[in-house]
Undergrad: 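Please see the structure below; I have some questions.
Atoms within each ligand, like the ligands themselves, are counted from 1 in listed order.
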Amino acid sequence: MSEYDSLIAAARAARENAHAPYSNFRVGAALRSSSGRVFGGCNVENSTYGLTVCAERVAIFKAISEGERGFEAIAIVTGAEKLTPPCGACRQLIWEFCGDVPVVIANLQGAVEVHRMSALFPKPFDASNL
Ligand code: THU
């Protein structure tokens, strides 16, 4: 049991909806807002490949478009034995909207790691640079 079990379960459920016919790499994410709501996201691929959107960004955009601001944690689940950290583009977006949150990476086999965003993304470009 960990404080992130329910968030991991939400990411795992979101992964079920992944549209990943090109890579067959199915990803689920779940984002917990400060108000306690959880927003799931899955990767949504496209035949052009480049228009693919990662699970993390889908979850973030769902939450932001629902009016949520302020987030506590994000979980990412794949079926890969090697745990899947967020890609560079998603790190930029997670930093923008979530700041130094815990990033919970887990797989279907039950492995879990927690990393803070400041460790994954140590020298960001953000609003403080403008
Ligand atoms: N992907 C994600 O959704 N999140 C990640 O953290 C890594 C990569 C997706 C993008 C693409 O659909 C597939 O995984 C393979 O790169």
Side-chain angles (χ1 to χ4, degrees):
M1 268 302 274
S2 100
E3 60 182 306
Y4 300 117
D5 283 355
S6 64
L7 201 60
I8 292 169
R12 194 179 171 125
R15 180 182 169 278
E16 293 295 316
N17 294 324
H19 176 72
Y22 307 107
S23 72
N24 287 312
F25 192 76
R26 300 161 68 79
V27 186
L31 182 61
R32 185 163 64 227
S33 72
S34 306
S35 67
R37 292 175 71 190
V38 171
F39 295 84
C42 60
N43 53 331
V44 182
E45 296 187 346
N46 185 265
S47 56
T48 62
Y49 296 178
L51 292 178
T52 291
V53 184
C54 293
E56 297 91 323
R57 276 176 283 159
V58 171
I60 290 170
F61 292 151
K62 281 172 67 177
I64 294 297
S65 65
E66 291 296 312
E68 288 291 337
R69 296 293 186 275
F71 299 97
E72 292 183 344
I74 186 166
I76 302 155
V77 171
T78 68
E81 189 180 340
K82 180 177 177 182
L83 295 174
T84 304
C87 79
C90 288
R91 291 179 202 207
Q92 182 71 36
L93 268 286
I94 295 168
W95 184 261
E96 174 88 14
F97 292 110
C98 310
D100 194 16
V101 291
V103 177
V104 183
I105 55 177
N107 67 16
L108 298 180
Q109 298 90 324
V112 180
E113 289 179 5
V114 183
H115 302 274
R116 295 208 74 97
M117 266 306 288
S118 54
L120 295 178
F121 200 51
K123 198 162 176 63
F125 173 84
D126 61 21
S128 71
N129 296 108
L130 297 174

Undergrad: Apply salt bridge (Lys or Arg N to Asp or Glu O under 4.0 Å) to Asp100 and list each qualifying residue two or more places apart in sequence or on a separate chain.
TA: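 Per chain and number, Asp100 pairs via salt bridge (Lys or Arg N to Asp or Glu O under 4.0 Å) with Arg116.
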Undergrad: State the CD-CD1 distance between Glu3 and Ile8, to the nearest 0.5 angstrom.
TA: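 Taking CD in Glu3 and CD1 in Ile8, the distance rounds to 10.0 Å.
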Undergrad: Just list the side-chain donor-acceptor pairs under 3.5 Å for residues 77-97, sequence neighbours left out, or say none.
TA:
{"from": "Thr78", "atom 1": "OG1", "to": "Ala80", "atom 2": "N", "distance (Å)": "3.2"}
{"from": "Thr78", "atom 1": "OG1", "to": "Thr84", "atom 2": "OG1", "distance (Å)": "2.9"}
{"from": "Arg91", "atom 1": "NE", "to": "Pro86", "atom 2": "O", "distance (Å)": "2.7"}
{"from": "Arg91", "atom 1": "NH1", "to": "Leu120", "atom 2": "O", "distance (Å)": "2.9"}
{"from": "Arg91", "atom 1": "NH2", "to": "Pro86", "atom 2": "O", "distance (Å)": "3.0"}
{"from": "Gln92", "atom 1": "NE2", "to": "Phe125", "atom 2": "O", "distance (Å)": "2.8"}
{"from": "Trp95", "atom 1": "NE1", "to": "Asp126", "atom 2": "OD2", "distance (Å)": "2.7"}

Undergrad: Rounded to the nearest 0.5 Å, how far apart are CG of Asn46 and OH of Tyr22?
TA: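 Result: 6.5 Å between the selected atoms.
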Undergrad: What residues come within 4.0 Å of ligand 1, counting heavy atoms only?
TA: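 Residues Ser23, Phe25, Val27, Asn43, Glu45, Thr52, Cys54, Ala55, Glu56, Thr84, Pro85, Pro86, Cys87 each place a heavy atom under 4.0 Å from ligand 1, listed by chain and number.
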Undergrad: Using the salt bridge (Lys or Arg N to Asp or Glu O under 4.0 Å) rule, collect all pairs that involve residues 27-51, keeping only residues at least two apart or in two chains.
TA: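 Qualifying pairs, neighbours excluded: Arg32-Glu72, Arg37-Glu68.
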Undergrad: As an exercise, state the distance from CZ of Arg57 to CG of Asn43, rounded to the nearest 0.5 Å.
TA: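 With rounding to 0.5 Å, CZ (Arg57) is 10.5 Å from CG (Asn43).
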